[in-house]
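Worksheet: the structure to be examined is printed underneath.
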Number of protein chains: 2
Amino acid sequence: MSMETSSNNLDNVKVQMRKGLLEYCILLTIAREKKAYASDILTELKKDDLLVVEGTLYPLLSRLKSDLLLDYEWEESSAGPPRKYYHLTPKGKLNLQALNETWEGLATSINSLVKKYEKNH
Amino acid sequence: MSMETSSNNLDNVKVQMRKGLLEYCILLTIAREKKAYASDILTELKKDDLLVVEGTLYPLLSRLKSDLLLDYEWEESSAGPPRKYYHLTPKGKLNLQALNETWEGLATSINSLVKKYEKNH
DNA sequence: CATTACTACCTTGCTACACAAGGTACTATG
DNA sequence: CATAGTACCTTGTGTAGCAAGGTAGTAATG
């Protein structure tokens, strides 16, 4: 019972930690592949243990589109329904560069805290 | 106007990125100092550009207390009202170790994405 | 052509969280 | 006793991820 609580608590912390980083990860993935559709992104992020679910991804892609960071075009598939292939807009590329810096700053700050902590242990 | 939107958007992303990491940072800070009260924590996190505000910190401390990760005792101050000094419980220490691994895994995953991206640029 | 399976896209309801703003209360100083 | 400073806490708001459920096109089977 208390272990269950503890476990759920940790899972939740992981979810919270990923918040805000997902947008960055998705832009990174699309930028690398030049263009990608939802399943591509899910597969790529899964490779790096950054699993995202559909219910998270689709609204995020829509938001990035309406923020003009992404654009898309439809493409026929050899098997199955057509796909929305997303690519970065010029604004999206600028934004990604800014996010690179934001991530680096954040990682530096936290690693600094970790080092200070490790000194006393 | 479009710059304003862009700027607000980025600020928001920063806020979102920090979400979930704050709990980890606060546990790290308290663990390092053995014990700390709210102002200590605010000061320490500010040093590493991880500014937290009171309205964020107090509810978080209360939650960590009710999750049994933290405990506190009152201490008189030489000037001003008494202070709540927080320290990690055994459960809190275990949890911190788990968070260390979570953070490391997250940082590794994202840095892996960044490297793949940089290869194509 | 009806059924089934697969793929792809999208929406709704829920919960958790950070934050801004505002509030209470204790201590010291003049 | 009034003012300033410190410390703790609460309420309301907006944003985000997620689980679950829904729509629709394609293709193979009988």
Side-chain angles (χ1 to χ4, degrees), chain A residues 5 8-27 35-43 45-46 49-67 69-70 72-86 99 106, chain B residues 5 8-27 35-43 45-46 50-67 69-70 72-86 99 102 106:
Chain A
T5 305
N8 290 341
N9 198 351
L10 261 180
D11 283 351
N12 190 30
V13 168
K14 284 184 189 176
V15 169
Q16 293 305 321
M17 273 198 183
R18 282 209 311 253
K19 272 194 183 182
L21 291 168
L22 286 180
E23 175 174 328
Y24 178 45
C25 294
I26 287 167
L27 288 178
K35 66 177 187 181
Y37 79 111
S39 289
D40 283 341
I41 299 171
L42 290 173
T43 305
L45 293 183
K46 199 172 186 173
D49 289 315
L50 284 164
L51 186 54
V52 191
V53 293
E54 288 194 337
T56 301
L57 184 58
Y58 282 105
L60 224 170
L61 289 173
S62 296
R63 207 191 75 221
L64 295 174
K65 163 82 167 89
S66 73
D67 286 349
L69 304 184
L70 293 180
Y72 66 80
E73 64 275 351
W74 287 98
E75 275 193 32
E76 298 291 324
S77 164
S78 59
R83 302 168 175 172
K84 259 187 184 176
Y85 274 91
Y86 285 91
L99 287 179
L106 185 66
Chain B
T5 305
N8 291 339
N9 198 352
L10 263 180
D11 284 351
N12 190 29
V13 168
K14 284 184 191 177
V15 169
Q16 294 303 323
M17 274 197 183
R18 281 210 313 254
K19 272 193 183 183
L21 290 168
L22 287 180
E23 175 175 329
Y24 178 44
C25 294
I26 287 167
L27 287 178
K35 66 176 188 181
Y37 79 111
S39 290
D40 284 341
I41 299 171
L42 291 174
T43 305
L45 293 183
K46 198 170 189 174
L50 285 163
L51 187 53
V52 192
V53 293
E54 286 194 338
T56 300
L57 185 57
Y58 282 105
L60 225 169
L61 289 173
S62 297
R63 207 190 75 222
L64 295 173
K65 162 82 167 90
S66 72
D67 286 348
L69 304 184
L70 293 181
Y72 65 81
E73 64 276 348
W74 287 99
E75 276 192 33
E76 298 292 323
S77 165
S78 59
R83 300 166 175 174
K84 262 189 183 174
Y85 274 91
Y86 286 90
L99 286 179
T102 302
L106 184 67

Would you name the heavy atoms of Trp74(B) and Pro82(B) that are closest together and state the gap between them? CZ3-O, 3.7 Å
Here's a test of your reading of the structure: between Pro81(B) and Val53(B), which maps to the more 5' nucleotide of DNA chain C? Val53(B)
Ignoring hydrogens and geometry beyond distance, is the side chain of Glu54(B) in donor-acceptor contact with the base of dC19(C) at under 3.5 Å? no
Integer-rounded Å distance: dC9(C) P and Trp74(A) CH2: 6 Å
Just how far, in rounded Å, is C1' of dC10(C) from CG of Leu42(A)? 14 Å
How close or far is atom P of dA16(C) from atom CD of Glu23(B), stated in whole angstroms? 13 Å
Among the nucleotides dC8(D), dG25(D), dT15(D), which one has an atom lying closest to any side-chain atom of Arg83(B)? dC8(D)
Would you say dT15(D) has OP1 or OP2 under 4.0 Å from some side-chain N or O of Arg63(A)? no
With a 4.0 Å cut-off on heavy atoms, is Ser39(B) in touch with a base, just the backbone sugar-phosphate, or nothing at all? sugar-phosphate
Options dC17(C), dC10(C), dC18(D), nucleotide nearest the side-chain atoms of Gln16(A): dC17(C)
Could you walk me through whether Ile26(B) and Leu45(B) satisfy the side chain to side chain contact (heavy atoms under 4.5 Å, CB included) test, starting with their C-alpha distance in whole Å, then the side-chain angles of each, then the deciding distance to 0.1 Å, before giving a yes or no? CA-CA 8 Å; Ile26(B) 287 167; Leu45(B) 293 183; 4.1 Å; yes
Just compare dC8(D), dG17(D), dT15(D) and give me whichever is closest to any side-chain atom of Tyr37(B). dC8(D)
Minimum heavy-atom separation for Met17(B) to Tyr24(A), with atom names? CE-CB, 3.9 Å
When Cys25(A) is tested against each of Ile41(A), Leu50(A), Leu99(A) for side chain to side chain contact (heavy atoms under 4.5 Å, CB included), which residue passes? Leu50(A)
Proximal nucleotide (of dA16(D), dC18(D), dG5(D)) relative to the Val52(A) side chain: dC18(D)
Atom pair distance, as rounded to whole Å: CG in Asp40(A) and C1' in dT7(C): 13 Å
Closest contact, heavy atoms only, Ser77(B) versus Ala79(B): OG-O, 2.9 Å
Between P of dT26(D) and CD of Glu75(A), the distance in whole Å: 15 Å
Length of the CG-P vector between Leu60(B) and dC8(D), whole Å: 15 Å
Quick one: on DNA chain D, does Gly55(A) or Ser77(B) contact a more 5' nucleotide (nearest heavy atom)? Ser77(B)
Determine, stepwise, if the pair Leu69(A) / Glu23(A) fulfils side chain to side chain contact (heavy atoms under 4.5 Å, CB included). CA-CA 11 Å; Leu69(A) 304 184; Glu23(A) 175 174 328; 4.2 Å; yes
Whole-Å distance, Tyr72(B) OH to dC9(D) P, equals 7 Å
Of the candidate nucleotides dC9(C), dC9(D), dG17(D), which contains the atom at the shortest distance from the side chain of Thr56(A)? dG17(D)
Arg18(B) vs dC17(C): side-chain N/O to OP1/OP2 distance below 4.0 Å: no
If you check the Pro59(B) side chain, which of dT10(D), dG25(D), dA18(C) turns out closest? dT10(D)
Spacing between Leu22(A) atom CG and dT15(D) atom P, to the nearest angstrom: 18 Å
Nucleotide nearest Tyr58(A) (side chain, heavy atoms from C-beta), chosen from dA18(C), dA8(C), dA16(D): dA8(C)
Testing dC9(C), dA16(C), dG25(D) for proximity to the side chain of Ala38(A), the answer is dC9(C)
Donor/acceptor link under 3.5 angstrom from Lys84(A) side chain onto base of dC9(C): no
